[in-house]
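Just so it is clear, the values below take in all heavy atoms, side chains as well, and ignore hydrogens, waters and symmetry mates. Reminder, nothing fancy here: chain letters follow the sequence lines and each chain counts from 1. Note that the structure is predicted; figures quoted are calculated from it, not measured.
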Amino acid sequence: MKYSVPRGTKDILPQETPIWQHLEAVFRRVFSLFGYQEVRTPIFESTELFARSIGTTTDIVAKEMYEFKDRKGRSLTLRPEETAPVVRAALENNLISPDNVTKLYYIGPMFRYERPQAGRQRQFHQAGVEVFGSNSPSLDAEVILLNLELFKGLGIRDLGLNLNSVGCSKCRPNYTKNLQEHFKENIKNMCEDCRTRFEHNPLRILDCKNANCQQTIEAAPASINTLCDECRDHLNELMKFLKIAGVEYVINNRLVRGLDYYTKTTFEITSNALGAQNAVSGGGRYDNLVEQLGGKAIPAVGFAVGMERIVEILKKSEIRNQKSEQGIILFLATMGEEGQVKGFELLKEIRSLGIAAEMDYLGKSLKAQLKVADRLGAKYVYIIGDDEIAKESGILKTMATSEQQEVKFELLKEALK
RNA sequence: GCGGCCUUGGUGUAGUGGUAACACAGCAGAUUGUGGUUCUGCUUUCGCGGGUUCAAUUCCCGCAGGCCGCCCCA
């Protein structure tokens, strides 16, 4: 094979596209049910946008970006996530204001230069939402409910919801200080990553899975204990709303997310049906990002769902919906040049009635054409050979019963209704 | 970025230091214009590059790709 897909990318073939289409249809339905409208932003943005918003010390920015220079030397990057582009687009087009709630959703490919693995690709697809304009915890709850509704709509079960609060610009510094305080003594025994994190981003130490570091991490103070009153209330309110909605969750105070812009609420939904890459969606609140990117101080919440992972679950769990693609209704089996011409003519007419029809383009034998028709799942085959041309009527065969009847060319349309 | 396993026709597999087998799919045929069963035949292959050897698909090294774990995340 001379050419193959670039590492970490995949072709989504006809065999699989029905699942994707179904997935997207369900998502769109749920999104609009909750009042969200779609935005489509460019696949690439200025590198600066991502560096600014996601944070220069995060893995995504530090080592996973598909960055390139265009012909004028501008530094651009294939979007690794969609929150920053949506904020950018919303600001640039005046879609948001402090006085109104704006609900947006997106579906599309994202790019991260990572080592491929099951459930992790370099080009993958996310669907997600971003809501702007309210700092009410009820909105956090709604967003989480919406997220769960997405999975419910697909019949996916066995999910876990993890919840945490990473505080705000007021109380987070206290927490980082607490963490540094806690890790100070043991940091020299911890892994290299943790040591750099200790300097630049102590929060991220909590994310470390290294066995040696675990002990120290487990004893680390939880962020929810150092939250300021406002953040603490916010979390309590959110939990109250979730309770009202009957949503079960687990407080996971090790849940820090890999992007710097989160404030207060962070959450992640995991599936038991997957391997190591078990997070199917994740998100949280980001009250400072809009302002940070040049807008007014407008609070926001959002999340993103990993679509490949959902597809994996659907495939495994056999929830797999029966192929929705409608088969061919009519196959025109033709013989001889005149038959082919007549078939071509009829094909056009039949299709104009909205009936899916197909014909032979290879000059195959009648036997072979019937075989093809059978494989296509055709309900009827209409046979046109020299005899039929002479009589101006073809043979309409019902595949399931093998019954045949003569039908005049001009009456074929009627017969199919 | 690190580690482990893997790479044979379109697909799934077998196998050997002397150029490869099976199943399914595909195509064709079984009195010449009729499908889904059966039978027969045909097409297509040892990821790439080096090395060892008289000879490698089989042994060794490198690369690429895949899978799994770490990391991270969706």
Pick base, sugar-phosphate or nothing for [X], based on heavy-atom distances below 4.0 Å to the nucleic acid.
X	answer
A/Q121	base
A/G339	nothing
A/I383	base
A/E388	base
A/K397	base

Provide the Watson-Crick or G-U wobble partner of [N], both distances under 3.5 Å; none if there is no partner.
N	result
B/C59	B/G51
B/A64	B/U7
B/C2	B/G69
B/A21	B/U13
B/C42	B/G26
B/U34	none

Within the modelled atom types, does a donor on one side and an acceptor on the other bring the side chain of [X] and the base of [N] under 3.5 Å apart?
X	N	answer
A/R120	B/C72	yes
A/Q404	B/U34	yes
A/D374	B/G35	yes

Starting at atom [atom1] of [X], determine the distance to atom [atom2] of [N], rounded to an integer number of angstrom.
X	N	atom1	atom2	answer
A/E114	B/C70	CD	C1'	13 Å
A/Q123	B/C73	CD	P	21 Å
A/I310	B/C73	CD1	C1'	14 Å

Fill in: Toward the 5' end of RNA chain B, by each residue's nearest nucleotide, A/R309 or A/K10
A/K10
Worksheet item: For A/R115 and A/G119, take the nucleotide of RNA chain B holding the closest heavy atom to each; which residue's nucleotide lies nearer the 5' end?
Response: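 Final value for this comparison: A/R115.
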Worksheet item: Taking the inter-plane angle between the rings of A/F31 and A/Y36 on a 0 to 90° scale, is it parallel (under 30°), tilted (30 to 60°) or perpendicular (over 60°)?
Response: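 A/F31 and A/Y36: tilted rings.
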Inter-nucleotide [atom1] distance ([N], [M]), Å rounded:
N	M	atom1	result
B/G9	B/A21	P	14 Å
B/U13	B/C68	P	15 Å
B/G62	B/A20	P	29 Å
B/U19	B/C46	C1'	10 Å
B/U57	B/G18	C1'	12 Å
B/G47	B/C72	C1'	30 Å
B/U45	B/G10	C1'	11 Å
B/G66	B/U8	C1'	15 Å

Please pick, from [options], the nucleotide with the shortest atom-to-atom distance to any side-chain atom of [X].
X	options	result
A/M399	B/C68, B/G35, B/A28	B/G35
A/K364	B/G35, B/C67, B/A28	B/A28
A/L259	B/A30, B/G33, B/A74	B/A74
A/A304	B/G33, B/G35, B/A74	B/A74
A/A368	B/A28, B/C73, B/C68	B/A28
A/S402	B/C70, B/G36, B/C73	B/G36
A/R7	B/C72, B/C67, B/G66	B/G66

Worksheet item: For B/C72, does OP1 or OP2 lie under 4.0 Å from any side-chain N or O of A/Q277?
Response: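 Result: no.
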Does either side chain, that of [X] or that of [Y], offer a donor lying less than 3.5 Å from an acceptor on the other one?
X	Y	answer
A/T83	A/Y261	yes
A/E130	A/Y105	no
A/T9	A/Q121	no
A/E403	A/T401	yes

Worksheet item: With respect to A/E114, which candidate in A/K63, A/R120, A/R7 satisfies the salt bridge (Lys or Arg N to Asp or Glu O under 4.0 Å) definition?
Response: A/R120
Discussion item. Any salt bridge linking A/D360 with A/K364? Criterion: basic side-chain nitrogen under 4.0 Å from a carboxylate oxygen.
Written reply: no
Discussion item. Is the terminal nitrogen or CZ of A/R122 (NZ for Lys, CZ for Arg) located under 6.0 angstrom from the six-membered ring centre of A/Y113 and within 45° of that ring's axis?
Written reply: yes
